[in-house]
Number of protein chains: 2
Amino acid sequence: MRHYFQDKSTKLGKRERTRSLLIDGAIAAIAENGMGATSIKEITEIAGLSNGTFYNHFQGRDEIFELAAYSVAKEITDEIAEMVAVVQDGIGRIVISTDAFIGRAVAAPDWGALLVNAVHHIRDMRFDIGEHLRADVALAIEQGKLSEMPSSFLVHQIGALITLAVELQIAGKADRAISFETCEAVLKLLGLTPTKAHRAVQTFLSKTTV
Amino acid sequence: MRHYFQDKSTKLGKRERTRSLLIDGAIAAIAENGMGATSIKEITEIAGLSNGTFYNHFQGRDEIFELAAYSVAKEITDEIAEMVAVVQDGIGRIVISTDAFIGRAVAAPDWGALLVNAVHHIRDMRFDIGEHLRADVALAIEQGKLSEMPSSFLVHQIGALITLAVELQIAGKADRAISFETCEAVLKLLGLTPTKAHRAVQTFLSKTTV
DNA sequence: TCCAAATTTGAGGTATCTCTCATTTTTATT
DNA sequence: AATAAAAATGAGAGATACCTCAAATTTGGA
């Protein structure tokens, strides 16, 4: 098992360390079998703890699942928010953060699989993941590149496209073209013409390395 | 329980009648709890049959799930293919069949829920559902309205958007605007400009009644 | 109507899951 | 080092799931 959250808490008290071990275990277990088929026993075995310990820390499966999903989502989106802060162009931010989100999720398949699962099991997860785009769209509107804020349904649609890109790459092979096409699709849905969408992706992703 | 497939086989032998009862039961059960949480006991109880009977007809859960999903998908797509055959315009076919597919799935929520579930559990299901669009796109290309056939990834994307439209309406309320926006999104992804996409949806759906 | 073949039944073997709790082990403070 | 508080343990109760199979029931053709 890779320790994502465990490593972050070496200096913390035992309680936090164990919690993190369990969350890491849950992430690994979900990546393996999906949320629907993951048992507490599986989680504690991966974490190297006993069955009963789980119940000292969480009420049940749903609690740790939701916590794990939101932890991972926050971790990735925070990272991306930081990295994208230097980009001045609104469209550029949308493209780069979309690409980066997909890239992270695919590079750490445990995280990606967890997010894909969470989107199907936790209400509003997809919406929350897509939410960070709103600010970037607002910027693009200020700059006259887009004309209106996305409806909540449109945010859902974009979330669905991003999820799909992650899902297919985890199931098959990592394929940068999928990220490119997804970014283009996102821009098209936001109202760019196909030509402009294509050009924008070329502009902002050709100089980026994976 | 509503009997979808059962009614079709009144004149058939007992074996076929029982099979259809079980499939109807599976559909109802999946609509209630999702594929992941549906047990054989649940299916047989809804069908009014005993536990053992299930195993006379199917190997296990996966077999009946896949069968149920493909039966429903075929039923809907066949119906739509027939209804859309009279439409001459390729873009019109795409719009009308997309809207009709979503409409059927939402009108019969059991079927819709089954399809949404199937998409998440059965490999290639989404692709197969989106597949019927290929012919319509080819027609639109002949008519100079579109320029290239969709990649298999694009078909996946369209499938994801359609699934989303069904999912949200089943979870919340039926809302025709969601179908409209989905049709528009599909056209945008296929390469139409936002303006043309909007106009096409207006043209082909405004005269249609639910 | 009769009966062989087809179909259904439901108890039960085996396995697994969730969650509890009395006991043991570890931690951290004095 | 001593010890009280915190945490971890793992056996097990109770529920439920899958699947089998010998026996009972139903079916449909001669």
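Residue numbering restarts at 1 for every chain, and letters A, B, ... go by the order of the sequence lines. Side-chain atoms are counted along with the backbone in the values below, which use heavy atoms only and exclude waters and symmetry mates.
Not one N or O on the side chain of Glu75(A) forms a donor-acceptor pair closer than 3.5 Å with the backbone of Ser71(A). No donor-acceptor pair closer than 3.5 Å links the side chain of His198(A) to the backbone N or O of Pro194(A). Looking at Asp99(A), its side chain never comes within 3.5 Å of a backbone N or O of Val95(A) through a donor-acceptor pair. Counting only distance, with no hydrogens or angles, the side chain of Gln169(B) and the backbone of Asp175(B) share a donor-acceptor pair below 3.5 Å.
Legend: salt bridge (Lys or Arg N to Asp or Glu O under 4.0 Å) pairs involving residues 149-172 of chain B, not counting sequence neighbours, sorted by first then second residue: Arg126(A)-Glu167(B).
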Tabulate atom names and distances for all N/O pairs under 3.5 angstrom spanning the protein and nucleotides 23-30 of chain C.
none

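Between the P atom of dC19(D) and the CD1 atom of Ile64(B) lies a distance of 13 Å, rounded to the nearest Å.
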Throw together a table of side-chain donor-acceptor distances under 3.5 angstrom for residues 24-51 of chain A, partners on residues two or more places apart or in other chains.
{"from": "Asp24(A)", "atom 1": "OD1", "to": "Tyr4(A)", "atom 2": "N", "distance (Å)": "3.2"}
{"from": "Asp24(A)", "atom 1": "OD1", "to": "Phe5(A)", "atom 2": "N", "distance (Å)": "3.1"}
{"from": "Asp24(A)", "atom 1": "OD2", "to": "Tyr4(A)", "atom 2": "N", "distance (Å)": "3.2"}
{"from": "Asp24(A)", "atom 1": "OD2", "to": "Phe5(A)", "atom 2": "N", "distance (Å)": "3.3"}
{"from": "Asp24(A)", "atom 1": "OD2", "to": "Gln6(A)", "atom 2": "N", "distance (Å)": "2.9"}
{"from": "Thr38(A)", "atom 1": "OG1", "to": "Ala29(A)", "atom 2": "O", "distance (Å)": "3.4"}
{"from": "Thr38(A)", "atom 1": "OG1", "to": "Gly34(A)", "atom 2": "O", "distance (Å)": "2.7"}
{"from": "Ser39(A)", "atom 1": "OG", "to": "Glu42(A)", "atom 2": "N", "distance (Å)": "3.2"}
{"from": "Glu42(A)", "atom 1": "OE1", "to": "Ser39(A)", "atom 2": "N", "distance (Å)": "3.3"}
{"from": "Thr44(A)", "atom 1": "OG1", "to": "Ile40(A)", "atom 2": "O", "distance (Å)": "3.1"}
{"from": "Thr44(A)", "atom 1": "OG1", "to": "Lys41(A)", "atom 2": "O", "distance (Å)": "2.9"}
{"from": "Ser50(A)", "atom 1": "OG", "to": "Thr53(A)", "atom 2": "OG1", "distance (Å)": "3.4"}

Residues 78-89 of chain A side chain polar contacts: donor-acceptor under 3.5 Å, at least two apart:
{"from": "Asp78(A)", "atom 1": "OD2", "to": "Lys74(A)", "atom 2": "NZ", "distance (Å)": "2.6"}
{"from": "Glu79(A)", "atom 1": "OE2", "to": "Arg104(A)", "atom 2": "NH1", "distance (Å)": "2.0"}
{"from": "Gln88(A)", "atom 1": "NE2", "to": "Val86(A)", "atom 2": "O", "distance (Å)": "3.4"}
{"from": "Asp89(A)", "atom 1": "OD1", "to": "Ile91(A)", "atom 2": "N", "distance (Å)": "2.8"}
{"from": "Asp89(A)", "atom 1": "OD1", "to": "Gly92(A)", "atom 2": "N", "distance (Å)": "2.8"}
{"from": "Asp89(A)", "atom 1": "OD2", "to": "Lys145(A)", "atom 2": "NZ", "distance (Å)": "2.7"}

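At a non-hydrogen distance threshold of 4.0 Å, Leu49(B), Ser50(B), Asn51(B), Gly52(B), Thr53(B), Asn56(B), His57(B) from residues 45-60 of chain B come into contact with DNA chain C. The stretch residues 27-44 of chain B has no heavy atom under 4.0 Å from DNA chain C, so no residue of it qualifies as close.
The aromatic rings of His132(A) and Phe101(A) lie parallel to each other, with less than 30° between the two planes, well short of the 60° mark.
Taking side-chain N and O atoms only, Arg15(B) has a distance below 4.0 Å to OP1 or OP2 of dT7(C).
Residue Gln157(A) holds its CD atom at 8.0 Å from NZ of Lys188(B), rounded to the nearest 0.5 Å.
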**Request:** Could you walk me through whether Asp128(B) and Tyr70(B) pass side-chain contact (heavy atoms from CB on, under 4.5 Å), step by step?
**Result:** CA-CA 9 Å; Asp128(B) 294 343; Tyr70(B) 276 104; 2.7 Å; yes
